[in-house]
Amino acid sequence: MKSLALLSCLSALLFIAANDAVADKPNVIIIMADDLGYGDVSCYGATELKTPHIDKLAAEGQRFTSGYCSASTCTPTRYSMLTGTYAFRQKGTGIAPPNSPAIIQPGTETIASILQRGGYATAVIGKWHLGLGGASGPDWNGDLKPGPLEIGFDTCFLLPTTNDRVPQVYVHDHRVPNLDPKDPLWVGTKKPSDDHPTGNTHRDTLKMDWSHGHNSTIHNGISRIGFYTGGHAARFRDEDLADKWVEKSIEFIEKNKDNPFFLFFSSHDIHVPRIPHERFQGKTSLGFRGDAIVELDWCVGELMKTLDRLNLAENTLVVFCSDNGPVLDDGYKDDAVEKVGKHRAAGPYSGGKYSVYEGGTRTPFITRWKGHIKPGVSDELVCTIDLAASVAKLAGLKLPESACLDSFDVSAALLGDKGATGRDHLVQQDNGTKGTFGLRVGDWKLHRHDKKSARNVVVETKLANTKVPQYQLFNLAKDEAEKTNVIESNPDVAKRLKAQLSKIIDDGRTRP
Ligand code: NG6
Ligand code: CA
């Protein structure tokens, strides 16, 4: 009897100790915007629209002027944010097509698997675009695995690819919800029948016309990349995506308010097709591209309100970032080019999405953790690829030696600690494993264009490929817009950076 009492006393003590340890672990919310440029929000200088919620986040935390994503397209940035490893090291990490199999293999350590092992509840809600299913691709009518649940997420509620690619259905954990077995979902690359309506054959019926690509299957009056049939009961309306992400995220936060959680809020805004909810349409002078930014800002506000309501703001690190720089015309005629006016989506930088000029990867990057981060502006160099190592550090978790090969612990810089430094170098890439690299070391920036041309024109004019030499060197301190190639006058710097870039690629890892 006595020993039983002692045992229950001991287990009660252990429980308290365990809970104390858990209480030290901050919740983590990563809000990743899609295609949002450095100059697209008012706290980074936008004057033609207002983003009060994102601005508030910045005012209450650290706003980074050298915050980057690691690639200028979606799939490689998301791959490297989750795995902590540069995407150029792994074949098959370029922009994923509709029927892409899972790109991150089960067993790969990710920011989610590390936090999950550390006792966190983990979720990804929103755009995935990292493939689903085994080698033969997604089984849309069956179990969609492997996927997020096989690499560390307890739960997911997804848009499987991007919304300009088919199909327009959600994925909840391993299944497409509301699928009627009598109306199976088929997704493919070839027109399924001669009379299948497409953006080419039924162009005059579209509610938003396409400008390039995006002329296959039509859903909700918008033609997409790829073909699909069936699954009608499961299909969503583009207008409702943002509301759905917010609704599902609030559910997840409420459910896990008493234990540590990690939420990857993966917005589809402001990717094409930009179809904000009716209540945001026409809210800016910039057309749907601007309205989608306002919708994104609303999402941020709703998430922050939820943290306040549940008294979690002082226990939650919020990171706001983007997956690549901006683009105006990305395949639909949504007036983004015509209505841009004075708005400079990439801020002072050149290039944008698809480019290794600064506009492609230098994006809004904000951290907030009330009571732990002193508000301010930081010029330290940080990147989405560092979130894995940095968040692991904040949660008191160790990174396995063989994982997260390029993720640096910049947690002190993320918290804005006095004297804390970010990275001393960063590699940027465009898309895929072969192509174009940028290496920033201090104020120097080396470009290595293995392709003969690059998208380097400013985003306000139409993005177009122009011929470039294989190597270029810029001094960002004097020339933030990368206009003057100074490689001839700085041969020693060029030699050093070229060698450093080759070594980073050849070594297979940069994390010590
Ligand atoms: C491109 C698409 C573009 C966009 C991009 C992926 C065409 C002509 N262009 O191939 O619209 O979908 O892929 O964007 O189809 S990302 O942000 O997901 O990387
Ligand atoms: Ca993107």
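Both ligands and their constituent atoms are indexed starting at 1 by order of listing.
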### Query
Should the pair Phe157 and Tyr170 be assigned to parallel (<30°), tilted (30 to 60°) or perpendicular (>60°) ring geometry?
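Answer is tilted, since the angle falls between 30° and 60°.
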
Between [X] and [Y], is there a side-chain N and carboxylate O pair less than 4.0 Å apart?
| X | Y | value |
| --- | --- | --- |
| Lys339 | Glu48 | no |
| Lys483 | Glu358 | no |
| Arg274 | Asp34 | no |
| Asp406 | Arg509 | no |
| Asp291 | Arg289 | no |

Can you tell me which residue and heavy atom of the protein come closest to [atom], and the distance to 0.1 Å?
| atom | value |
| --- | --- |
| atom 11 (O) of ligand 1 | Asp330 O, 2.8 Å |
| atom 7 (C) of ligand 1 | His214 CE1, 3.6 Å |
| atom 10 (O) of ligand 1 | Arg165 NH2, 3.6 Å |
| atom 8 (C) of ligand 1 | His212 CD2, 3.3 Å |
| atom 12 (O) of ligand 1 | Asp164 OD2, 2.5 Å |
| atom 5 (C) of ligand 1 | Tyr354 OH, 3.4 Å |

### Query
Is there any N or O on Lys353 that sits under 3.5 Å from an N or O of ligand 1?
yes

### Message
Tell me whether Thr75 has any N or O atom under 3.5 angstrom from an N or O of ligand 1.
### Response
no

Output yes when a side-chain donor or acceptor of [X] lies under 3.5 Å from a complementary backbone atom of [Y], and no otherwise.
| X | Y | value |
| --- | --- | --- |
| Thr161 | Pro98 | no |
| Arg224 | Ile222 | yes |
| Arg165 | Ala96 | yes |

For ligand 1, which atoms sit closer than 4.0 Å to a heavy atom of [X]?
| X | result |
| --- | --- |
| Ile95 | 5 (C), 6 (C), 13 (O), 19 (O) |
| Thr73 | 19 (O) |
| Asp35 | 17 (O) |
| Asn324 | 17 (O) |
| His129 | 18 (O) |
| Asp34 | 17 (O) |

Sub-6.0 Å ring centroid separation between [X] and [Y]:
| X | Y | answer |
| --- | --- | --- |
| Tyr471 | His449 | no |
| Phe88 | Phe437 | yes |
| Tyr332 | His214 | yes |

Counting only heavy atoms, which portion of [X] has something under 4.0 Å from ligand 1: side chain, backbone, both, or neither?
| X | result |
| --- | --- |
| Ile225 | side chain |
| Trp210 | neither |
| Lys127 | side chain |
| Thr162 | side chain |

### Query
Does Cys74 reach ligand 1, in the sense of a heavy atom lying below 4.0 Å from it?
yes

### Query
Considering the options Phe64, Tyr349, Tyr357, which one meets the ring pair (Phe, Tyr, Trp, His ring centres under 6.0 Å) requirement together with Tyr38?
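Passing option: Tyr349.
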
### Glu239 and Lys207: CA distance, side-chain angles, deciding distance, salt bridge (charged side-chain N to carboxylate O under 4.0 Å, His left out) verdict
CA-CA 13 Å; Glu239 289 83 345; Lys207 76 174 173 194; 2.8 Å; yes

### Task
Could you grab the protein N, O or S atoms closer than 3.0 Å to the Ca ion (ligand 2) for me?
Asp34 OD1, Asp35 OD1, Asp323 OD1, Asp323 OD2, Asn324 OD1

### Message
Please determine whether salt bridge (charged side-chain N to carboxylate O under 4.0 Å, His left out) holds for the pair Arg63 and Asp379, giving the CA-CA distance in whole Å, both sets of side-chain angles, and the decisive distance to 0.1 Å.
### Response
CA-CA 9 Å; Arg63 181 174 70 80; Asp379 296 331; over 6 Å; no

